[in-house]
S.K.: 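If you scroll down you'll find the structure; I have some questions about it.
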Amino acid sequence: MSPLSTLIRGCAKIHSEAELQTKLALGRPLRIKLGVDPTAPDIHLGHGVVLSKLRDFQDAGHEAILIIGDFTAMIGDPSGRSVTRPQLTHDQVLANAKSYQEQAFKILTRERAKIVFNGEWFEAMSFEEVIKLNSRVTLQQMLVREDFRDRLDKGQPIRAHEIQYPIMQGWDSVMVKADVELGGTDQLFNIMVGRDLQREEGQPQQVAMTMPILEGLDGHQKMSKSLGNYVALNESPGDMFGKIMSISDELMVRYYDILLREAIPAGSHPMDAKKSLARRITARFHDEAVAAHALEEFNKRFSSRDLDSAELPDFAPGSARDFVSLVVEAYAQCFQASRSRSDARRLIEGGSVQWRGEKVADAKAVLPPGETGVLKLDKTRAVRIAA
RNA sequence: GGGUAGGUACCGAAGUGGCCAAACGGGGUGGACUGUAAAUCCACUGGCUUACGCCUUCAAUGGUUCGAAUCCAUUCCUGCCCA
């Protein structure tokens, strides 16, 4: 496989392939820009798609320039958004940035990687410079974007600072002299602004390369932290495996295509194909042995419904022994999840909670101390009471 | 600054003095069925030391009333039109 075809594999759109070829012919390492906004501490499989592409470039000898948008994160990228993002404080952003980097290097290699914070240049900008920068872009250009158009049509507010975002992202490209900028397809507009600004600054224009957007676990909306439909890169092997198993067959086709860049093996049972997908993704972010173990555990717990021999967190109940209390405490103690007592009661009444494989019929029932066994809480969570 | 329409639960959206913890739809959760899939059906979806009971909630504050999401006043926020 020639380097070019490797580099453009899995890509949604390039502007343009010819330009990329010209740049590659320069014979020097190219500066490949990827901007990330640390708006949340987790990065997920969706980010992974673009990061993997960046890794492809690294492997081909090019330099990854990861721009941590500590400054832009405070604005919030309006791309694909129907509401204004909440603005974060600088401290939150820095904390997120830290865990962000750790996760990004699960995919990227430290060699040929450079990390820059865009606060470096934006913080130093005077208001005069900001105005000057703004004068290069027209409101019309900004407003033709679909997401803005949409909000305009629906009568939803668009705040003035939001239209700054593409300009700032574009300016990042100028500051790092990017040769190529990567992003999701929803980033195309922002990346193109970068090209405009570079041209005006007399720089060679960056090549815009966009990657397909990965749908979230629900199969409809894009994977994102705020929608809760994501698989984080630092997710535990079991959770990662399990979350992937919960996707629809339809979505699995997409995941195969985008994440593994291959088609589903012909003739295989969808469930087997999914297990294989889950195992491979888990192996990618952990390792083979761990992934194989996750598969085994999954089979035990869900295929053979053998909770007794499955690995479950140990739960040490407090003094309150009625099932409502047990459920609430188990969630808090073993899953860091807070559940109200009403919620717990609903789960019990709905038949979700099982003690030793039997539905708990009476929420007021009391479990005598010393009893041991498995307490199933909901579809995916169960705990073991050991003593 | 003027005019005008609005602000209801996770979202959309009813409700315009008691029958309102608040219709309906979506989403979410749980159950049945399964392959932790889809489709379908059912239930739940503010909280409570355990409830045909109580508490908090309909932008905020204050008021009218036996009683307010609903009426009045003030404030804050948003859309649209005009300047």
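None of the values given here were measured: they were computed from a predicted structure. Chain A is the first sequence line, chain B the second, and so forth, proteins listed ahead of strands; every chain is numbered from 1.
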S.K.: Specify the residue among A:K364 and A:D249 whose closest nucleotide of RNA chain B lies further upstream toward the 5′ end.
M.R.: A:D249
S.K.: Rounded to the nearest 0.5 Å, what separates atom CG in A:L34 from atom CZ in A:R55?
M.R.: 14.5 Å
S.K.: Among pairs that include at least one residue of residues 118-127 of chain A, which meet side chain to side chain donor-acceptor pair (under 3.5 Å), considering only residues two or more places apart or in two chains?
M.R.: A:T72-A:N118, A:N118-A:D172, A:W121-A:D172, A:S126-A:E129
S.K.: Mind checking the C1' distance from B:U70 to B:U57? Whole angstroms is fine.
M.R.: 15 Å
S.K.: Quote, to the nearest angstrom, the P distance that separates B:G26 from B:A13.
M.R.: 16 Å
S.K.: Can you tell me, in whole Å, how much space there is between the P of B:A39 and that of B:G28?
M.R.: 10 Å
S.K.: List for me each residue that meets ring-ring contact (aromatic ring centres under 6.0 Å, His included) alongside A:F302, sequence neighbours excluded, and say none if there are none.
M.R.: A:F298
S.K.: Report the hydrophobic cluster partners of A:V366, with the cluster defined as I, L, V, M, F, W, Y residues connected by side-chain heavy atoms closer than 4.5 angstrom, directly or transitively.
M.R.: none
S.K.: By nearest nucleotide on RNA chain B, pick out whichever of A:K376 and A:K243 is the more 5' one.
M.R.: A:K376
S.K.: Does B:U4 pair with anything, Watson-Crick or G-U wobble, both distances under 3.5 Å, and if so, with which nucleotide?
M.R.: B:G79
S.K.: Using a strict cut-off of less than 4.0 Å between a Lys/Arg side-chain nitrogen and an Asp/Glu carboxylate oxygen, indicate whether A:D308 and A:R356 qualify as a salt bridge.
M.R.: no
S.K.: Among pairs that include at least one residue of residues 250-263 of chain A, which meet salt bridge (Lys or Arg N to Asp or Glu O under 4.0 Å), considering only residues two or more places apart or in two chains?
M.R.: A:D56-A:R261, A:E215-A:R254, A:E262-A:R280
S.K.: Suppose you measure atom C1' in B:U65 against the same atom in B:C52; what distance do you get, rounded to whole Å?
M.R.: 28 Å
S.K.: Between B:U29 and B:A37, how many Å separate the two P atoms, rounded to a whole number?
M.R.: 12 Å
S.K.: I'd like the 5' and 3' limits of the part of RNA chain B contacted by chain A, with heavy-atom contacts below 4.0 Å.
M.R.: B:G30 to B:G79
S.K.: Partner of B:A43 by Watson-Crick or G-U wobble geometry, both contacts under 3.5 Å, or none?
M.R.: B:U29
S.K.: For B:C81 and B:A23, measure between their P atoms and round to the nearest Å.
M.R.: 35 Å
S.K.: Partner of B:G18 by Watson-Crick or G-U wobble geometry, both contacts under 3.5 Å, or none?
M.R.: B:C66
S.K.: How would you label the contact of A:T380 with the nucleic acid (heavy atoms, under 4.0 Å): base, sugar-phosphate, or nothing?
M.R.: base
S.K.: Students often get this wrong, so: under 4.0 angstrom with heavy atoms, is A:G242 touching a base, only sugar-phosphate, or nothing?
M.R.: base
S.K.: Quick one: side-chain hydrogen bond (donor to acceptor under 3.5 Å, both in side chains) partners of A:K106, sequence neighbours excluded?
M.R.: none
S.K.: Taking any heavy-atom pair under 4.0 Å as a contact, classify A:K274: base, sugar-phosphate, or nothing.
M.R.: base
S.K.: Please, which pairs that meet ring-ring contact (aromatic ring centres under 6.0 Å, His included) have at least one residue in residues 244-293 of chain A, sequence neighbours excluded?
M.R.: none
S.K.: When the C1' atoms of B:U36 and B:C77 are compared, how many Å lie between them, rounded to an integer?
M.R.: 43 Å
S.K.: Quick check for you: to the nearest 0.5 Å, what is the distance between A:R381 atom CZ and A:L375 atom CG?
M.R.: 12.5 Å
S.K.: Can you list every salt bridge (Lys or Arg N to Asp or Glu O under 4.0 Å) pair that touches residues 321-332 of chain A, not counting sequence neighbours?
M.R.: A:D322-A:R341
S.K.: With sequence neighbours excluded, give me every salt bridge (Lys or Arg N to Asp or Glu O under 4.0 Å) pair touching residues 228-243 of chain A.
M.R.: A:E235-A:K243
S.K.: Say we look at B:U78 and B:C20: how far apart would their C1' atoms be, to the nearest angstrom?
M.R.: 27 Å
S.K.: Looking at every strand, decide which applies to A:L251 at a 4.0 Å heavy-atom threshold: base, sugar-phosphate, or nothing.
M.R.: nothing
S.K.: Among residues 335-345 of chain A, which residues get a heavy atom nearer than 4.0 Å to RNA chain B?
M.R.: A:S340, A:R341, A:S342, A:R345
S.K.: Keeping to residues at least two apart or across chains, list the salt bridge (Lys or Arg N to Asp or Glu O under 4.0 Å) pairs with something in residues 43-52 of chain A.
M.R.: none
S.K.: For RNA chain B, which residues in residues 299-308 of chain A have a heavy atom at a distance below 4.0 Å?
M.R.: A:F302, A:S303, A:R305
